[in-house]
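Here the structure is laid out as structure tokens; the discussion comes afterwards.
We count ligands from 1, going down the list as the structure has it; atoms in each ligand are counted the same way.
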Amino acid sequence: MKHPSDSFLQCGRHRLDLSYPRVMGILNVTPDSFSDGGHHATLDDALRHAETMLAEGAAVIDVGGESTRPGAAAVPVEQELDRVIPVVERLVRELDALVSVDTSSPEVMQEASARGAGMLNDVRALRRPGALQVAAGSGLPVCLMHMLGEPDAMQRSPRYDEPVELAVACFLEERVAACEAAGLRRERLLLDPGFGFAKTVEHNLRLLNRMTALKKLGLPLMVGMSRKSMIGKVLGRAVEERLPGGLALVSLAVERGARLLRVHDVGPSVDAANMTWAVLQEGEEP
Ligand code: 9MG
């Protein structure tokens with residue numbers, strides 16, 4: 001397997017090798033992701049879950065304290081800090097994990113990077129006031145995701161005046177330019193088409209099929225489709241029945257160039273990604 005030096009992302013103290021597909025495990029620390037009360041129990045649960053995902057092969061743990069589901073309400077920044085920062089600290093200190101923080105708030109980015117987070121994942125692509133400057137100053141890699149509008153309104157009637165993959169590529173190109181202008185070098189960026197964010201099922205399917213349009217931007221691609229409604233709508237499956245459909249999407253995303261896969265079900269996704277990658281390494285038909 002080749003390890004070109006430009007396939008490594010320096011994530012704080014960790015180096016993330018993206019010369020082959022890697023898996024990011026999702027760790028939601030929103031109240032609806034925990035079954036019961038006590039703060040201590042919640043933290044311990046989060047830690048145990050992260051430990052399991054690392055043992056199953058997750059390269060990164062993505063910690064989020066604000067739901068980005070369609071219709072989700074905004075969370076005050078103090079609450080987001082209270083939810084996220086203690087988890088980041090313990091993941092870093094006790095598990096030496098490479099932690100990504102799923103946030104759009106500059107305050108959370110700042111605090112998380114000071115406590116040892118290794119990556120920032122922003123579904124708003126650093127468009128909140130101050131986010132660009134804080135992210136640039138953090139020295140961390142950043143995932144820029146495409147989304148039109150805000151989570152509370154985005155699924156009402158998403159419309160694009162051009163093929164969706166071109167609209168997404170154009171948006172991401174513009175955000176990369178904004179990052180570079182703010183001193184955040186492109187070597188620190190990952191790009192994400194934002195499956196399920198202001199997109200119909202048809203948009204999502206087309207975007208995955210045509211993801212090579214984004215590969216042309218020359219930056220590592222991250223995707224998140226795990227358990228999303230696009231699987232439910234195509235297959236008629238409830239959330240807890242979406243793993244087989246999700247694994248098919250992992251495999252296709254790897255084939256279409258994704259190098260970081262954000263998932264709930266880490267073990268099966270690692271296998272799906274590695275199996276697909278093994279096939280791809282043997283070359284294509286002439
Ligand atoms: C936080 N979050 C939820 N879905 C996501 C996706 O598809 N990509 C990224 N980067 N983050 C996501």
Side-chain angles (χ1 to χ4, degrees), residues 9 11 16 18 21-30 32-33 58-72 74-75 80 83-84 87-88 98-105 108-109 112 117-128 131 135 140-152 154-155 158 164 168 171-172 175-176 179 188-199 201 203-205 207-208 211 214 219-232 239 242 245-246 249-250 252-254 256-265 269:
L9 268 187
C11 304
L16 180 63
L18 291 179
R22 309 302 297 273
V23 166
M24 168 188 269
I26 299 170
L27 188 63
N28 285 322
V29 289
T30 47
D32 54 346
S33 51
V60 187
I61 303 294
D62 193 39
V63 180
E66 181 182 39
S67 176
T68 51
R69 274 202 296 264
V75 172
E80 197 185 343
R83 288 177 184 175
V84 167
V87 180
V88 171
L98 167 41
V99 179
S100 156
V101 179
D102 152 24
T103 187
S104 298
S105 312
V108 177
M109 292 177 189
M119 187 185 292
L120 303 172
N121 173 29
D122 186 2
V123 298
R124 293 175 184 80
L126 304 179
R127 285 180 293 161
R128 281 218 178 132
L140 299 179
V142 182
C143 177
L144 302 172
M145 199 197 78
H146 172 270
M147 169 170 63
L148 281 185
E150 283 291 311
D152 63 348
M154 67 184 177
Q155 282 306 105
V164 64
V168 170
F171 169 91
L172 291 173
R175 294 312 299 156
V176 171
C179 286
R188 278 169 51 201
L189 298 174
L190 298 104
L191 304 180
D192 187 324
F195 290 103
F197 287 85
K199 290 160 190 101
V201 178
H203 289 143
N204 287 312
L205 299 179
L207 201 44
L208 178 57
M211 217 165 58
L214 304 183
L219 293 173
L221 296 181
M222 171 165 153
V223 297
M225 294 179 279
S226 180
R227 300 184 187 173
K228 285 190 178 170
S229 65
M230 62 189 282
I231 304 171
V239 172
R242 293 178 188 168
L249 298 179
V250 162
L252 199 60
V254 167
R256 295 290 197 268
R259 286 298 168 85
L260 196 54
L261 303 127
R262 184 179 182 275
V263 302
H264 298 88
D265 303 287
S269 302

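Considering only non-hydrogen protein atoms, atom 11 (N) of ligand 1 sits nearest to N121 ND2, 3.1 Å. With hydrogens left out, the protein atom closest to atom 7 (O) of ligand 1 is K228 NZ, 2.8 Å, a heavy atom. In terms of protein heavy-atom proximity, atom 8 (N) of ligand 1 is nearest to D192 OD2, 2.7 Å. Of all protein heavy atoms, the one closest to atom 3 (C) of ligand 1 is R262 NH1, 3.2 Å.
Atom CG of D122 sits about 4.0 Å away from atom CE of M109, to the nearest 0.5 Å. Here the CG atom belonging to L219 is positioned 4.5 Å from the CG atom belonging to L191, to the nearest 0.5 angstrom.
Listed by number with element, the atoms of ligand 1 under 4.0 angstrom from any heavy atom of D102 are 1 (C). Less than 4.0 angstrom separates some heavy atom of T68 from each of these atoms of ligand 1: 1 (C), 3 (C). Here is the list of ligand 1 atoms found below 4.0 Å of a heavy atom in M222: 9 (C), 10 (N).
Proximity of V123 to ligand 1, defined as any heavy-atom pair under 4.0 Å, is confined to the side chain (atoms from C-beta onward).
Closest approach of R227 to D265, counting heavy atoms only: NH2-OD1, 3.0 Å.
Heavy atoms of M225 come nearer than 4.0 angstrom to ligand 1 in no pair at all.
Inter-residue side-chain proximity for L249 and K228 is flagged as unmet; no heavy-atom pair is nearer than 4.5 Å. Looking at heavy atoms from C-beta onward, P220 lies out of side-chain contact with L260 at the 4.5 angstrom threshold. For the pair L9/L190, a side-chain contact is recorded, criterion being any heavy-atom separation below 4.5 Å from C-beta on.
Salt-bridge annotation for R262 and D192: absent, with no side-chain N of the basic residue lying under 4.0 Å from a carboxylate O of the acidic one.
Taking only nitrogen or oxygen atoms, main chain and side chain alike, G224 reaches within less than 3.5 Å of ligand 1.
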